[in-house]
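See structure below.
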Amino acid sequence: MRFQHALFTGALMPLLGEASSLNFDFPYNASTSVPYTISVDKQFIEETQLKAKLYRSSPDLKDDSNAEWIEGPPRETMVTLAKDWANSYDWFEVQDEINSNFSHYAVTIDGPSDWDHPVPLHFVHERSDDLDAIPLLLLHGWPSSHLEWSKVIKPLVSGNESSNVTFHIVAPDLPGFGFSPAPEYGGFSPSRMGIVFDKLMKTLGYEKYGVASTDLGWMVGMWMAHDVSESLVGHFTDFFLMQPNTTDLERYAQNQTTAEESAFISSITTWFGTRSSYATVHSQAPLAIGQAMSDTPVGFAGWILQLMHPISSGYAYTSQEIITDALMLWIQGVWGGLRSYKESFDSQPKAQAFPVTQVPTALTQWGGPSTTGIENFNFLPRDWAERWVNVVYLSRHDAGGHFPAVSEPDAWVQEVRHFFGGLITGAF
Ligand SMILES: *[C@@H]1O[C@H](CO)[C@@H](O)[C@H](O)[C@H]1NC(C)=O
Ligand SMILES: *[C@@H]1O[C@H](CO)[C@@H](O)[C@H](O)[C@H]1NC(C)=O
Ligand SMILES: *[C@@H]1O[C@H](CO)[C@@H](O)[C@H](O)[C@H]1NC(C)=O
Ligand SMILES: *[C@@H]1O[C@H](CO)[C@@H](O)[C@H](O)[C@H]1NC(C)=O
Ligand SMILES: *[C@@H]1O[C@H](CO)[C@@H](O)[C@H](O)[C@H]1NC(C)=O
Ligand SMILES: *[C@@H]1O[C@H](CO)[C@@H](O)[C@H](O)[C@H]1NC(C)=O
């Protein structure tokens with residue numbers, strides 16, 4: 001058999017075993033932010049497409065015991081992704097849209113005093129024409145990138161006839177995600193990342209600002225609400241991960257918990273018992289899983305979809321959306337992003353022991369994880385959250401799941417305006 005593909009005429013072979021590069025241009029060592037255009041290496045994208053073409057699928061079980069994707073995405077989904085990636089997906093079209101949609105910048109920020117390494121960052125910065133606009137830092141999680149905010153940035157910046165609350169938006173890719181190069185040294189905890197984002201906001205001239213967070217970005221926001229509390233006007237989140245303590249579990253065992261507490265404990269126990277293996281792997285062996293996943297783009301897309309599918313409130317992702325999400329992590333290599341779980345769940349000071357903060361906090365809770373047993377995963381009781389934060393606003397939505405800025409962007413934008421607008425008028 002003869003390989004006809006141009007990549008096998010020799011271009012690919014010298015790459016084997018080479019140290020990995022970012023596969024995109026990055027202006028290291030810019031101490032003040034410089035305009036940035038995303039530009040991924042063409043040969044790398046072609047190799048990725050070839051890998052998608054060579055995807056090897058795994059068979060399904062012959063019964064329906066995996067109907068809810070407990071074990072992984074079904075074969076048909078994976079084969080469709082591989083075909084779409086090989087035959088019709090065009091990264092450079094997407095890249096043009098990302099570049100033209102928003103104003104992109106790059107900068108390298110000094111690390112915090114106790115972690116002395118420079119932190120290169122890519123971020124979107126969109127300023128409102130309104131001089132009174134509220135500076136707002138958007139912090140995404142895994143497996144997202146700044147693209148999680150694609151649908152909400154423009155409405156937040158512009159406001160509309162029914163809202164005069166506008167924002168100057170700063171939306172970074174977390175280090176190791178998208179086009180922010182991964183940390184090259186261990187110990188870059190959520191707390192330290194928060195210090196770096198505070199420095200970023202200040203280099204842009206924002207002494208006081210709001211934070212809107214989700215997922216791993218929520219952990220960063222939680223630390224910022226303590227470490228740099230004087231910088232924050234408020235913290236808005238659509239995520240709040242809290243496990244029952246032993247007293248809660250004892251009360252639960254004795255039927256002394258409220259209906260709301262019981263529903264939450266049941267959902268979160270089911271989640272950690274059946275759906276959280278990815279997080280354990282990321283936090284315990286990020287390099288091993290990163291080595292495997294950085295070699296298979298379709299396999300990695302399946303890995304992120306396995307997480308996204310049950311918690312997206314039925315949102316029907318297109319192949320293009322999933323492939324783009326996967327690529328945003330895959331282009332620089334997935335290890336750095338995965339490794340943030342190690343830093344988030346395993347680092348000192350313990351990332352899960354959030355210090356209590358008085359920063360006004362808005363909890364928005366979005367229902368609709370559609371899978372059996374985890375329906376109430378997002379419905380943390382208010383008084384539990386108050387163990388850590390100053391909850392001044394809480395709302396519940398039937399739908400939205402874990403990515404409401406993607407699946408319910410209008411409602412998410414309304415909530416952000418409502419909370420920060422209310423902080424300014426003194427409603428909260
Ligand atoms: C960035 O600056 C550091 C220290 O000044 C230097 O060692 C490094 O080579 C520079 N990196 C690049 C990519 O220019
Ligand atoms: C571009 O912006 C539009 C909304 O203005 C959004 O729907 C779309 O997802 C964005 N695309 C990218 C790639 O960011
Ligand atoms: C928006 O309008 C309301 C009422 O018209 C006013 O109280 C509030 O201060 C305005 N907010 C901003 C940010 O201009
Ligand atoms: C669990 O949290 C509740 C509420 O803050 C508290 O009263 C209780 O002491 C906690 N239990 C443990 C074991 O920390
Ligand atoms: C709690 O309630 C369940 C169902 O109503 C019941 O089966 C169980 O015996 C109760 N447990 C205790 C400790 O009261
Ligand atoms: C204003 O924006 C919100 C959220 O994006 C949207 O739901 C609402 O329909 C908009 N109102 C007008 C009058 O355009």
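First listed ligand is number 1; within each ligand, the first listed atom is number 1. Keep in mind that what you see is a predicted model, and the values were worked out from it rather than measured.
Per-residue contacts place I98 under 4.0 angstrom from the following atoms of ligand 2 (heavy atoms of the residue considered): 13 (C). Listed by atom number, the atoms of ligand 2 under 4.0 Å from K154 heavy atoms are 2 (O), 5 (O).
Between W223 and F197, a ring centre-to-centre spacing not shorter than 6.0 Å is recorded. Ring centroids of H125 and Y206 are separated by less than 6.0 Å, placing the two rings close together. You'll find the ring centres of H122 and F177 outside the 6.0 Å limit. Residues F403 and W412 keep their aromatic ring centres 6.0 Å or farther apart.
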Begin with the C-alpha distance, continue with both residues' side-chain angles, and end with the deciding distance and a verdict on side-chain hydrogen bond (donor to acceptor under 3.5 Å, both in side chains) for S144 and E148. CA-CA 6 Å; S144 299; E148 182 162 356; 2.6 Å; yes

Using side chain to side chain contact (heavy atoms under 4.5 Å, CB included), reason through L156 and F420 one step at a time and then give a plain yes or no. CA-CA 11 Å; L156 289 174; F420 287 103; over 6 Å; no

Check against side-chain hydrogen bond (donor to acceptor under 3.5 Å, both in side chains), N99 and T37: CA-CA 6 Å; N99 280 325; T37 302; 5.2 Å; no

Could you walk me through whether E47 and K51 satisfy the salt bridge (charged side-chain N to carboxylate O under 4.0 Å, His left out) test, starting with their C-alpha distance in whole Å, then the side-chain angles of each, then the deciding distance to 0.1 Å, before giving a yes or no? CA-CA 6 Å; E47 287 162 18; K51 283 172 184 270; over 6 Å; no

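For atom 9 (O) of ligand 4, the closest heavy atom belonging to the protein is T247 OG1, 4.1 Å. Nearest protein heavy-atom neighbour of atom 4 (C) of ligand 2: S150 O, 4.2 Å. Considering only non-hydrogen protein atoms, atom 7 (O) of ligand 2 sits nearest to K151 CG, 4.1 Å. Counting only heavy atoms of the protein, atom 1 (C) of ligand 4 lies nearest to N245 ND2, 1.4 Å. Counting only heavy atoms of the protein, atom 5 (O) of ligand 6 lies nearest to D410 OD1, 3.4 Å. Shortest contact from atom 2 (O) of ligand 6 to any protein heavy atom: N160 ND2, 2.3 Å. Looking at atom 3 (C) of ligand 2, its nearest protein heavy atom turns out to be N101 ND2, 3.7 Å.
No part of E415 comes within 4.0 Å of ligand 6, judged by heavy-atom distances.
For atom 11 (N) of ligand 6, a protein heavy-atom neighbour is present inside the 4.0 Å cut-off.
The N/O atoms of T246, backbone and side chain alike, include none that comes under 3.5 Å of an N/O atom in ligand 4. At under 3.5 Å, not a single nitrogen or oxygen of D248, backbone or side chain, sits near a nitrogen or oxygen of ligand 4. The N/O atoms of E161, backbone and side chain alike, include none that comes under 3.5 Å of an N/O atom in ligand 6.
Assignment of S162 to the shell around ligand 6 is supported, since a heavy atom sits closer than 4.0 Å.
Ring-plane geometry between Y341 and W142 is classed as perpendicular, the angle between the planes exceeding 60 degrees on a 0 to 90 degree scale with a lower cut at 30.
Between R192 and D114 a salt bridge is recorded (basic side-chain N to carboxylate O distance below 4.0 Å).
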